Amino acid sequence: MKKNLIQDTAHLLLSKHITKDDIIVDATMGNGHDTLFLANLAKKVYAFDIQQQALQETKKRLDQAYITNVELILDTHEKINHYVSNIKGVVFNLGYLPNADKTITTTKDSTINALHQILPNLKPNDFVLLVVYIRHQEGQIESESLQSYLSKLNPTLYKILKIELPYQTNQPPYIIFIQKEKDEG
Ligand SMILES: C[S@@+](CC[C@H](N)C(=O)[O-])C[C@H]1O[C@@H](n2cnc3c(N)ncnc32)[C@H](O)[C@@H]1O
């Protein structure tokens, strides 16, 4: 299979931070590639998507791998707190479902609303990882809003790592890894 440096690095980071005691959320299930990867690392995975097609594809993928520790939820990631608590980490792979309707995509509002709900409830060493795509117009807008939102987070509560591929001409995706450092005061 062709190597994807950003996706592989995201998975490397996740494998360093997730153990078999952890509850993990896949905030953008899509075709279930990340859901399957996370299910093999974590105790339990809750995967969200707003498209029924994503749930069907992911269920097929998980069934083929005999995975049973995943709950698939047809709802927006803005409602993660309604379904899950004691979360160790949340993973976002932003954008649209490949080979499907490109107008159904994550947006600056849904992504930032979700982060706004999730971040205050994280405990020290919990994390959020985002893979951000900037090649499509909504992705550009989302990326700019995300950078602005992240720049305003309290740096003593959150450490933010950004991993990108500079010097490329094709606007590749980049990774944001947010680690909670302290409980909210
Ligand atoms: C790039 S795809 C995810 C790829 C997936 N991680 C994989 O491994 O196949 C982004 C997904 O986010 C979903 N999405 C868009 N807005 C959403 C929202 N508000 N809540 C949950 N999922 C959303 C889309 O339907 C799409 O399936």
Side-chain angles (χ1 to χ4, degrees), residues 1-15 17-18 23-42 44-65 67 69-84 87 89-119 127-143 145-146 149 163-165 170-178:
M1 201 162 97
K2 194 167 170 250
K3 286 271 178 204
N4 177 326
L5 200 48
I6 286 294
Q7 211 56 52
D8 291 349
T9 305
H11 282 189
L12 192 64
L13 267 173
L14 292 168
S15 60
H17 284 84
I18 299 173
I23 295 173
I24 301 293
V25 171
D26 183 350
T28 51
M29 176 191 320
N31 288 321
H33 298 281
D34 291 322
T35 312
L36 174 59
F37 179 79
L38 294 167
N40 282 314
L41 297 173
K44 174 101 187 177
V45 177
Y46 294 84
F48 289 77
D49 208 292
I50 48 173
Q51 298 193 70
Q52 185 67 50
Q53 184 186 340
L55 273 77
Q56 280 161 5
E57 290 302 318
T58 301
K59 185 176 181 323
K60 250 190 264 166
R61 191 176 304 284
L62 297 175
D63 286 349
Q64 277 165 8
I67 295 287
N69 60 337
V70 179
E71 194 169 322
L72 304 181
I73 298 165
L74 181 63
D75 207 342
T76 171
H77 44 230
E78 291 161 277
K79 296 211 200 132
I80 285 172
N81 285 349
H82 297 216
Y83 295 90
V84 200
I87 300 170
V90 182
V91 179
F92 290 83
N93 196 321
L94 299 177
Y96 48 80
L97 192 59
N99 307 319
D101 184 348
K102 290 189 171 50
T103 63
I104 307 176
T105 178
T106 57
T107 65
K108 67 178 173 56
D109 291 337
S110 68
T111 302
I112 288 169
N113 276 340
L115 288 175
H116 198 66
Q117 311 282 323
I118 296 160
L119 291 176
F127 69 86
V128 175
L129 181 144
L130 303 106
V131 178
V132 187
Y133 294 81
I134 52 174
R135 211 178 292 170
H136 65 290
Q137 199 187 6
E138 188 58 47
Q140 282 276 359
I141 296 167
E142 191 176 29
S143 168
S145 297
L146 187 61
Y149 175 80
I163 302 173
E164 57 190 346
L165 290 171
N170 60 349
Q171 297 179 297
Y174 65 90
I175 297 170
I176 294 287
F177 186 84
I178 308 169

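Just follow the structure's listing: the first ligand is 1, and inside any ligand the first atom is 1. The structure presented is a predicted model; accordingly, all values stated were derived computationally and were not measured.
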Using 30° and 60° as the class boundaries, would you call the ring planes of Phe177 and His17 parallel, tilted or perpendicular?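 Rings of Phe177 and His17: tilted, as their planes differ by 30° to 60°.
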
Which class fits the ring pair His116 and Tyr149: parallel under 30°, tilted 30 to 60°, perpendicular over 60°?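 Ring orientation of His116 relative to Tyr149: perpendicular.
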
In the protein, which heavy atom is nearest to [atom], and how far is it?
{"atom": "atom 5 (C) of ligand 1", "value": "Met29 O, 3.2 Å"}
{"atom": "atom 20 (N) of ligand 1", "value": "His77 N, 2.9 Å"}
{"atom": "atom 19 (N) of ligand 1", "value": "Thr76 OG1, 3.0 Å"}
{"atom": "atom 16 (N) of ligand 1", "value": "Ile50 CD1, 3.4 Å"}
{"atom": "atom 9 (O) of ligand 1", "value": "Asn31 N, 2.9 Å"}
{"atom": "atom 8 (O) of ligand 1", "value": "Asp34 N, 3.0 Å"}
{"atom": "atom 2 (S) of ligand 1", "value": "Tyr96 O, 3.5 Å"}

Which atoms of ligand 1 have any heavy atom of [X] under 4.0 Å away?
{"X": "Gln51", "result": "24 (C), 25 (O)"}
{"X": "Thr106", "result": "12 (O), 14 (N), 15 (C), 16 (N)"}
{"X": "Ser110", "result": "19 (N)"}
{"X": "Gly32", "result": "7 (C), 9 (O)"}
{"X": "Ala27", "result": "21 (C), 22 (N)"}

Might you confirm whether atom NZ of Lys44 has over 12 heavy atoms from other residues, nucleotides or ligands at distances under 6.0 Å?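 Enclosed: over 12 neighbouring heavy atoms sit under 6.0 Å from NZ of Lys44.
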
Any side-chain donor paired with an acceptor under 3.5 Å for Glu138 and Thr105?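 No, no side-chain donor-acceptor pair sits under 3.5 Å.
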
Within-4.5 Å side-chain heavy-atom neighbours: [X] and [Y]:
{"X": "Asp101", "Y": "Tyr96", "answer": "no"}
{"X": "Ile104", "Y": "Leu97", "answer": "no"}
{"X": "His33", "Y": "Arg61", "answer": "yes"}
{"X": "Ile24", "Y": "Phe127", "answer": "yes"}
{"X": "Gln7", "Y": "Asp34", "answer": "yes"}
{"X": "Leu130", "Y": "Ile178", "answer": "yes"}

Give the C-alpha distance, both sets of side-chain angles, the deciding distance and a yes or no for side-chain contact (heavy atoms from CB on, under 4.5 Å) between Leu62 and Leu72. CA-CA 10 Å; Leu62 297 175; Leu72 304 181; 4.1 Å; yes

Ignoring angles and geometry beyond distance, decide whether Tyr133 reaches within less than 3.5 Å of ligand 1 through its nitrogen or oxygen atoms.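 The answer is no, given that Tyr133 and ligand 1 share no N or O pair closer than 3.5 Å.
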
For ligand 1, note which part of [X] has a heavy atom under 4.0 Å away: side chain, backbone, both or neither.
{"X": "Leu94", "answer": "backbone"}
{"X": "His33", "answer": "both"}
{"X": "Thr107", "answer": "neither"}
{"X": "Ala114", "answer": "neither"}

Considering only heavy atoms, which of Val131, Thr28, Asn93, Asp49 lies nearest to atom 26 (C) of ligand 1?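 Result: the heavy atom closest to atom 26 (C) of ligand 1 is in Asp49.
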
